[in-house]
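Shown next, in structure tokens, is the structure this report addresses.
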There are 2 protein chains.
Amino acid sequence: MENIEDIRPKRREPAVLDSFDRRILAALAADADRSYAALGEKVGLSPPAVHERVKRLKRSGVIRDVVARLDGTAVGKPLIAFVHVEAAGWGKSERLMQIARFPEVEEMHSVAGDASMILKVRMESPQALEFLLGQIHSVPGVRGTKSYIALSTYLDRPVQAEVTADWPNVPLPPE
Amino acid sequence: MENIEDIRPKRREPAVLDSFDRRILAALAADADRSYAALGEKVGLSPPAVHERVKRLKRSGVIRDVVARLDGTAVGKPLIAFVHVEAAGWGKSERLMQIARFPEVEEMHSVAGDASMILKVRMESPQALEFLLGQIHSVPGVRGTKSYIALSTYLDRPVQAEVTADWPNVPLPPE
DNA sequence: AATCTTGCCGAAGATTATTCAGGAGAGAAG
DNA sequence: CTTCTCTCCTGAATAATCTTCGGCAAGATT
């Protein structure tokens with residue numbers, strides 16, 4: 001005998017983001033410290049409606065998490081560097097992955113190009129960077145590194161909800 | 001006649017972060033969606049005490065902001081690339097700054113090394129990246145670009161509150 | 001047309017944020 | 001050593017927000 005549960009289609013998570021979702025995401029990516037009431041007023045929905053949508057966006061993974069962004073200098077790590085690591089065999093050795101345990105390492109991407117891996121790190125000092133590079137070089141298979149030290153950061157923001165639609169013709173988007 | 005206000009020392013924002021601050025920052029950088037009660041339990045303080053500290057950390061700028069981190073793929077930008085821009089004169093022409101208006105551009109650093117500027121961008125497609133590169137090349141003074149396309153991202157987290165203390169001797173920090 | 005589904009709203013209760021009045025502890029001054 | 005001041009904590013009370021719920025309307029499906 002068939003169970004009615006088997007017949008009913010699964011509740012589908014709407015894969016598409018409508019205009020409200022976009023506006024909510026844009027607002028939350030800029031400032032997640034707002035109340036649902038404030039958010040609702042901004043996007044044109046009631047607080048419960050916004051709440052429901054945010055809950056869905058979190059559950060579906062569109063919103064990965066909500067975090068506080070700290071000032072690197074204030075926490076004692078004023079030095080940002082991008083480290084390109086050239087590895088011999090295939091980049092993602094488990095050993096290299098363990099470099100990610102250092103809290104100084106914020107990003108780690110395998111890349112196409114003449115670097116196997118790009119790391120974004122935030123260090124206490126040039127000396128600390130030197131030590132970290134030592135750690136990286138001690139990983140078997142690592143052939144070399146190239147470091148680019150940031151002199152100043154002009155922009156540093158999270159993933160934006162907006163997507164540029166009309167690329168070819170637009171010289172610059174409006175302010 | 002002297003005003004008493006002139007004599008009294010200014011209320012100093014404590015420039016140092018004590019152990020409680022550190023723990024609060026670490027917790028908020030990982031997940032800012034907690035209640036003050038939950039945070040307080042985690043760090044060993046009452047809710048009002050945590051509240052007061054968080055307010056101070058925000059006011060003093062240690063906490064820059066609280067944001068929702070979105071899934072790049074879910075918002076339609078699955079392609080991450082690091083673009084190294086080599087500019088002729090001095091990197092930070094106002095014109096190049098305007099590239100930051102594109103929501104695809106998430107970071108922009110001037111760097112020491114053979115690139116004048118490093119951009120982190122999140123694109124809809126390789127075509128979109130091509131268009132963006134076109135925009136960059138149209139900036140006067142830009143001599144060339146080198147793009148590193150991320151194949152996969154193994155780590156992507158915000159500024160961590162922790163700082164590695166004992167560099168030389170530590171081979172790897174504990175899990 | 002009837003039914004189902006989705007998604008909104010307003011109202012209400014549960015939870016949380018925020019304020020406030022003490023009070024303990026650490027220095028500084030007498 | 002005592003006293004004063006300052007800082008920062010706690011617990012209680014109030015204000016605000018979150019979260020749930022019932023009802024309704026619009027569109028899709030049967």
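Here is how names work: the chains are called A, B, and so on, in the same order as the sequence lines, proteins then strands, and each is numbered from 1.
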Seminar exercise, completed: In whole angstroms, the gap separating P of D:dC8 from CG of B:Leu17 amounts to 13 Å

Exercise. When the distance from CD of B:Glu52 to P of D:dC9 is rounded to whole Å, what number comes out?
Worked result: 8 Å

Exercise. Any Lys/Arg nitrogen of A:Asp65 or B:Arg69 sitting under 4.0 Å from an Asp/Glu carboxylate oxygen of the other?
Worked result: yes

Exercise. Please give, in whole Å, the distance from D:dC18 P to A:Asp33 CG?
Worked result: 11 Å

Seminar exercise, completed: Rounded to whole Å, the CG-P distance (B:Asp18 to C:dG25) equals 18 Å

Problem set entry | Exercise: do B:Glu107 and B:His109 side chains pair donor with acceptor under 3.5 Å | yes

For this session: To the nearest Å, give me how far apart CG (A:Asp21) and C1' (C:dT6) are.
Result: 13 Å

For this session: Please state how far atom CD1 in B:Ile24 lies from atom C1' in D:dC8, giving the value in whole angstrom units.
Result: 12 Å

Exercise. For C:dA17, does OP1 or OP2 lie under 4.0 Å from any side-chain N or O of B:His51?
Worked result: no

For this session: Output yes when A:Lys120 and B:Asp156 qualify as a salt bridge under the 4.0 Å nitrogen-oxygen rule, no when they do not.
Result: no

Exercise. Hey, does the side chain of B:Lys55 come within less than 4.0 Å of C:dT19's phosphate (OP1/OP2), counting only N and O?
Worked result: yes

Exercise. Once you round it to whole Å, what is the distance between C1' of C:dT18 and CZ of B:Arg56?
Worked result: 17 Å

Exercise. Contact class for B:Pro48 (heavy atom, under 4.0 Å): base, sugar-phosphate, or nothing?
Worked result: base

Exercise. Looking for any heavy atom pair under 4.0 Å, which part of the strands does B:Ser35 touch: base, sugar-phosphate only, or nothing?
Worked result: sugar-phosphate

Seminar exercise, completed: Of the candidates D:dC8, C:dA17, C:dT19, the side chain of B:Arg53 sits closest to D:dC8

Exercise. Within this structure, what is the OH-to-P distance between B:Tyr36 and D:dA16, rounded to whole angstrom?
Worked result: 16 Å

Exercise. Between B:Asp18 and B:Arg53, does at least one N-O distance fall below 4.0 Å, as a salt bridge requires?
Worked result: yes

